[in-house]
Amino acid sequence: MLDLKFVRANPELVKAGALKKRIACEVDRVLELDLEVRQLKTESETKKAEQNRATKEIPALTGEAKAAAIQAMKQLGVEQKALDQQVREKEAELRELLLRIPNPPGEEVPDGADDTENVELRREGEPTVFDFEPKDHIELGQLHDMFDFERATRIAGSRTYFLKNAGALLELSVLRLALDHMTAKGYAPMLVPNLVRREAMEGTAYFPGGEDQAYCTERDELYLIGTAEVPLTSFHAGEILELADLPKKVCGWSNCFRREAGAAGRDTRGLYRIHQFQKIEQVIVCEADEEVSKAFHAEILRNSEEVLQMLELPYRVVNVCSGDLGSGQIQKFDIETWMPSRGNWGETHSASRFHEFQARRLNLRYRDAEGKVRFCHTLNNTVIASPRVLIPLLENHQRADGSIYLPKALRPYLGGRELLEPR
RNA sequence: GGAGAGAUGGCAGAGUGGCCGAAUGCGCCCGCUUGCUAAGCGGGUGGAGGGCAACCUCCCCCGGGUUCGAAUCCCGGUCUCUCCGCCA
């Protein structure tokens, strides 16, 4: 959420930002409501002040004077409550609209409509060259008896899967590798609630707008998270942290649930786009300083790159264009890993910085060096998401005989094995 | 799921209709004092909004209500604790 004062002072900038992001919102209506609310509040507060004054005098009065005063206040109270009612209604409408105004994108964000206009920043490694006909991860999975899609579909519907045997172990191994990597860097490991309240979804800016993507348990009004970012960023919501406590660096392991509404027919085969997966997510809460924020953005990007390097996978980093940014994101770098079966780079990581956008919604604050209370900055990035990452892992490391080369870093998690042999 | 108790400032803990934005203690900050780790004395010490200066308004878990007036009474919600039931 943007600061209303900021919107008030920079309406054109805010509108331009929304335009760049291709997100519709009602800036003018917000300003109009803002004005109305302030006027109504001033009126209401004037009456309230008068009441407060009278309230102090009434106990001293007696007889006629007292009765008259009470009568007058009764009348004033009615008027004041009517004003308050209006204020409440207007404020609710204002908030609803304000929540939908996007954070203007940063200067370094390329303009573009969708992911086809993202800009490649650099490549680390090149597409794998095979001297044999490579198999896709589904075939490899069959060969190794690692997945079962048919039975999963029967039991749980589309976009579901079982991981079994080496597939199950592989997932746990990459997750643990990623978690250990982050822990060694001083990020606090967290196991998080996978089911959260609406406020957490709203606070992290998934709602309003993203309701279609989240599973909702209607009876209990709880939502299944699509990422550990939601509980992790919400962790200190409502608190005022001390500067000395910042930055907060954490990494959380969670299951992630996504309805994939609107993606019907896209990526229906295999492990790419599924309803449930596991992910290690890194989150940083830091002071409200753009340079600090940017430095941490680079840090969380580097952390994830290191994981891919340990997995010996080719990848590239793209600067996500304005139209492909979420409403709260100032800037986002995606990491795309080479996926031979797609003949293309596929998104495996997404590193975002938000400035105060989430913190303001979450009321996540800190006391700066001058003792002033300010909203924190927040950032997050995938460390690893599985089973999607198994696609490049299996496909890039396959050998002509169908065996899978295991990167050195991964071996300790798989009993020292260097190779997965077909069963 | 059933029965009961409770939620007050960084913490502890008063307050049951006006004198309470809130006693007291601890903690913290500033100053003074004292020759020595410590103590004493004085002052200060939450957040939000509006004019943005004096000032005004709001916040005693959250949201409504009663009342001239609510931390205090009523209703709804959330959370915590105790007992019973169930359970990985």
Side-chain angles (χ1 to χ4, degrees), chain A residues 1-10 30-99 191-203 207 216-224 231 234-246 248 254-255 288 356 359-376:
Chain A
M1 177 161 62
L2 291 177
D3 186 355
L4 188 51
K5 285 184 208 159
F6 179 82
V7 180
R8 206 183 284 156
N10 308 279
V30 163
L31 293 177
E32 197 180 299
L33 281 167
D34 170 44
L35 204 64
E36 290 178 34
V37 165
R38 275 186 295 158
Q39 281 168 351
L40 288 168
K41 267 192 174 169
T42 305
E43 271 188 72
S44 165
E45 283 174 12
T46 307
K47 292 192 193 298
K48 198 85 190 138
E50 199 181 328
Q51 281 180 327
N52 288 344
R53 245 176 286 124
T55 272
K56 282 179 193 142
E57 292 160 7
I58 285 177
L61 301 177
T62 50
E64 287 286 295
K66 187 166 191 172
I70 287 175
Q71 203 50 40
M73 285 310 106
K74 214 168 202 163
Q75 178 54 31
L76 196 66
V78 171
E79 294 168 12
Q80 192 269 325
K81 269 179 185 154
L83 283 169
D84 265 4
Q85 183 56 32
Q86 285 186 62
V87 168
R88 267 200 296 276
E89 284 165 14
K90 300 269 183 196
E91 267 191 329
E93 190 187 344
L94 175 60
R95 179 181 155 77
E96 196 54 41
L97 294 178
L98 187 60
L99 281 175
L191 297 174
V192 306
N194 287 196
L195 213 43
V196 302
R197 290 235 175 98
R198 178 164 236 285
E199 295 85 85
M201 298 299 284
E202 203 168 276
F207 292 178
C216 171
T217 67
E218 291 180 333
R219 274 188 172 206
D220 302 292
E221 292 179 89
L222 292 171
Y223 298 85
L224 282 163
S234 303
F235 191 73
H236 290 291
E239 298 181 26
I240 299 177
L241 303 170
E242 293 304 322
L243 186 57
D245 296 332
L246 298 178
K248 293 276 183 192
S254 80
N255 280 283
E356 312 175 344
R360 184 180 300 280
R361 292 169 171 239
L362 289 166
N363 201 223
L364 167 55
R365 299 173 294 173
Y366 74 104
R367 218 176 293 279
D368 72 10
E370 283 81 49
K372 205 175 145 222
V373 175
R374 310 180 61 181
F375 290 105
C376 302

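In what follows, chains are A, B, ... by sequence order, proteins preceding strands, each numbered from 1. Hydrogens, waters and symmetry mates are skipped; everything else that's a heavy atom, side chains included, is used. Computed from a prediction, not measured in an experiment: that's the story for all the values here.
Note: CG (A/Asp220) to C1' (B/rC79) measures 15 Å, nearest angstrom. The separation between A/Glu221 atom CD and B/rU78 atom P is 9 Å, rounded to whole Å. Nucleotide B/rU78 holds its P atom 16 Å from the CZ atom of A/Arg198, rounded to whole Å. Between A/Met1 atom CE and B/rA48 atom P the separation is 14 Å, expressed in whole Å. Atoms CD (A/Glu242) and P (B/rC11) sit 12 Å apart, rounded to a whole Å. Summarising the geometry, the separation between NZ on A/Lys47 and P on B/rC68 is reported as 17 Å, rounded to the nearest angstrom. Between the CG atom of A/Asp3 and the P atom of B/rA48 there is a distance of 12 Å, rounded to whole Å. The separation between A/Glu199 atom CD and B/rU78 atom P is 11 Å, rounded to whole Å.
Spacing between B/rG46 and B/rA22 at atom P, rounded to whole Å, works out to 10 Å. Distance noted for atom P between B/rA5 and B/rC73: 14 Å (whole Å). With P as the reference atom, B/rA12 and B/rC19 are 26 Å apart, rounded to whole Å. Comparing B/rC68 with B/rU78, their C1' atoms are spaced 32 Å from each other, to the whole Å. Taking atom P in both B/rG65 and B/rG17, the straight-line distance is 23 Å, to the nearest Å. Spacing between B/rC74 and B/rU16 at atom C1', rounded to whole Å, works out to 14 Å. Rounded to a whole angstrom, the distance from the P atom of B/rA71 to that of B/rA53 is 30 Å. Only the C1' atoms considered, B/rG18 is 44 Å distant from B/rC84, to the nearest whole Å.
Residue-level contact check: A/Arg360 touches neither bases nor backbone, having no heavy atom under 4.0 Å from any strand.
A/Glu89 meets the side chain to side chain donor-acceptor pair (under 3.5 Å) test with A/Gln85; sequence neighbours excluded. Among residues two or more places apart in sequence or in another chain, the side chain to side chain donor-acceptor pair (under 3.5 Å) test is passed with A/Arg374 by none.
Atom CD of A/Gln51 is separated from atom CD of A/Gln80 by 5.0 Å, given to the nearest 0.5 angstrom. Atoms NZ and CG, on A/Lys5 and A/Asp34 in that order, are 11.0 Å from each other to the nearest 0.5 Å. A/Ser234 contributes atom OG, which lies 11.5 Å from atom CZ of A/Arg197 (distance to the nearest 0.5 angstrom). Taking CG of A/Leu362 as the reference point, atom CE of A/Met1 lies at 9.5 Å (rounded to 0.5 Å). Within the model, atoms CZ of A/Arg360 and CZ of A/Arg365 stand 10.5 Å from one another, a figure rounded to the nearest 0.5 Å.
A heavy atom closer than 4.0 Å to some atom of RNA chain B occurs in no member of residues 91-98 of chain A. Applying a 4.0 Å cut-off to non-hydrogen atoms, the residues of residues 364-376 of chain A that approach RNA chain B are A/Arg365, A/Arg367, A/Val373, listed by residue number.
Both distances falling under 3.5 Å, in either a Watson-Crick or a G-U wobble arrangement, place B/rC79 opposite B/rG6. Across all strands shown, B/rG27 pairs with B/rU45; the Watson-Crick or G-U wobble distances both stay below 3.5 Å. When Watson-Crick and G-U wobble pairs are counted only if both distances are under 3.5 Å, B/rC32 pairs with B/rG40. Base-pair partner of B/rC87: not found among the strands shown (Watson-Crick or G-U wobble, both distances under 3.5 Å). Of all nucleotides present, none satisfies the Watson-Crick or G-U wobble test against B/rU67 with each distance under 3.5 Å.
In the set B/rG47, B/rG49, B/rC68, B/rG47 carries the atom at the smallest distance from any side-chain atom of A/Ile240. Side-chain atoms of A/Arg197 lie closest to B/rU78 of the nucleotides B/rU78, B/rG69, B/rG50.
Between A/Met73 and A/Lys66, the one whose closest nucleotide on RNA chain B sits nearer the 5' end is A/Lys66.
Counting only heavy atoms from C-beta outward, the side chains of A/Met73 and A/Ile58 approach each other to under 4.5 Å. Looking only at side-chain heavy atoms (C-beta outward), A/Leu94 and A/Leu4 come within less than 4.5 Å of each other. Using a 4.5 Å heavy-atom cutoff, the side chains of A/Arg8 and A/Arg38 are in contact. For the pair A/Glu50 and A/Thr46, the minimum side-chain heavy-atom distance is 4.5 Å or more.
Screening A/Asp84, A/Leu35, A/Val87 for a side-chain contact (heavy atoms from CB on, under 4.5 Å) with A/Leu40, the sole residue that qualifies is A/Val87.
Look at A/Lys41 and A/Glu45 and you find no salt bridge, because none of the NZ, NE, NH1 or NH2 atoms lies under 4.0 Å from a carboxylate O.
The closest donor-acceptor contact from the side chain of A/Thr217 to the backbone of A/Leu222 lies under 3.5 Å. In this structure a side-chain-to-backbone donor-acceptor pair under 3.5 Å is present from A/Arg361 to A/Leu99.
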Stepwise side-chain hydrogen bond (donor to acceptor under 3.5 Å, both in side chains) test for A/Glu43 and A/Gln39 = CA-CA 6 Å; A/Glu43 271 188 72; A/Gln39 281 168 351; over 6 Å; no
Show each protein N/O and nucleotides 54-60 of chain B N/O combination with a separation under 3.5 Å, one pair to a line.
from	atom 1	to	atom 2	distance (Å)
B/rU57	OP1	A/Asn52	ND2	2.9

Please tabulate, one pair per line, each protein N/O and nucleotide N/O from nucleotides 64-67 of chain B that are separated by under 3.5 Å, including the distance.
from	atom 1	to	atom 2	distance (Å)
B/rU67	O4	A/Lys81	NZ	3.3

